Amino acid sequence: MMEELLQRISESLQKGKAKDVKVMVQEAIDSGMSAQKILNEGLLSGMNVIGVKFKASEIYVPDVLIAARAMKAGTELLKPLLVRDGVQAIGTVVMGTVKGDLHDIGKNLVMMMMEGKGLQVIDLGTDVPAEKFVAAAIEHKAQIVACSALLTTTMSEMKSVVEAFKAEGLREQVTIMVGGAPITEAFCKSIGADIYRPDAATAAEAAAEAAIGKSA
Ligand code: B1M
């Protein structure tokens, strides 16, 4: 029964039916299902199918965009459940998707999970140039700079972020985290960034640990 509801959430997301997704996600929440399960087995499982079909050219950018809108409608309902209320910030993160890259679903999930770990997260949005990461880190006295990239053509921008902090003499003050589908541990090391994590949950854990480490 519950598995069927998750399946229907996944299918409606794939069809881009934002309203239906919203109603069913609320239904799943009301039934007592965990937000994590609804996210992973409903919304993200639907988005994975979209990714496979997009790659195979079975669907096109507009289809992906309406699926992304449906995904957003669902995650908005889950956000308060994934984020603990009233936790005093244990540190500050500035996060953005790097220059040239407009993908923000993964970034938004990572941010949500980080907030859930008690971090204050400043959202720089998408298509963020290296200098903007530096300016925001200074303005918000961030301990952590988190960069997301989904394209093999934009991942090199992460190196520009590392270099921009070096150029300002601020490299030692911040922990630079990188992630996104094409990113690997080896890539992280090769550009001189500090931490790579493959998903939102482990990224949030690592950020919380790093923030505590930096403020100690
Ligand atoms: Co794009 N796209 N897209 N797309 N898109 C991909 C990434 C692609 C793999 C599709 C494919 O071919 N299979 C492919 C990239 C190929 C490559 O470079 N190797 C691709 C392409 C080619 C493009 C365009 C170039 C297409 C075109 O126009 N011809 C174009 C580029 C636009 C641009 O950015 N300049 C484009 C456009 C778009 C849309 C706008 C239509 C839309 C984005 C909507 C939006 O984000 N608001 C879109 C989408 C939705 C996708 C797919 C289908 C789904 C991405 C997604 O949201 N996944 C994607 C295929 C796929 O990944 N299966 C694809 C769900 C999300 C939760 O996962 O973002 O990986 P992800 O985040 C994960 C982890 O990676 C990690 O945690 C998250 C949750 O666990 N993570 C971090 C992310 N950031 C992290 C940071 C961290 C740690 C972990 O620390 C700081």
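In each ligand, atom 1 is the first atom listed, and ligand 1 is the first ligand listed. The shown structure was predicted, so the numbers you read here are calculated from the model rather than taken from an experiment.
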Within-shell test, A207 vs ligand 1, heavy atom, strictly < 4.0 Å = no
Would a search of protein heavy atoms around atom 9 (C) of ligand 1 find one under 4.0 Å away?
-> no
Among non-hydrogen protein atoms, atom 76 (C) of ligand 1 lies closest to P198 O, 3.5 Å
Kindly indicate whether atom 60 (C) of ligand 1 is approached by any protein heavy atom to under 4.0 angstrom.
-> yes
Among non-hydrogen protein atoms, atom 45 (C) of ligand 1 lies closest to D104 OD1, 3.4 Å
Heavy-atom side-chain contact between T92 and K141 under 4.5 Å | no
Among protein heavy atoms, which sits nearest to atom 25 (C) of ligand 1, and what does the distance come to when rounded to 0.1 Å?
-> L151 CD2, 4.3 Å
Residue portion contacting ligand 1 (non-hydrogen atoms closer than 4.0 Å) for V64 | side chain
Which residue and heavy atom of the protein sit nearest atom 30 (C) of ligand 1, plus the separation | H103 CE1, 4.4 Å
4.0 Å protein heavy-atom contact status of atom 52 (C) of ligand 1, strictly under | no
Do any N or O atoms from the side chain of D194 and from the backbone of I176 form a donor-acceptor pair under 3.5 angstrom?
-> yes
Between the side chain of D63 and the main-chain N/O of Y60, is any donor-acceptor distance below 3.5 Å?
-> yes
For atom 44 (C) of ligand 1, the closest protein heavy atom turns out to be A68 CB, 4.1 Å
Identity and distance of the protein heavy atom lying nearest atom 65 (C) of ligand 1 = M47 CG, 3.9 Å
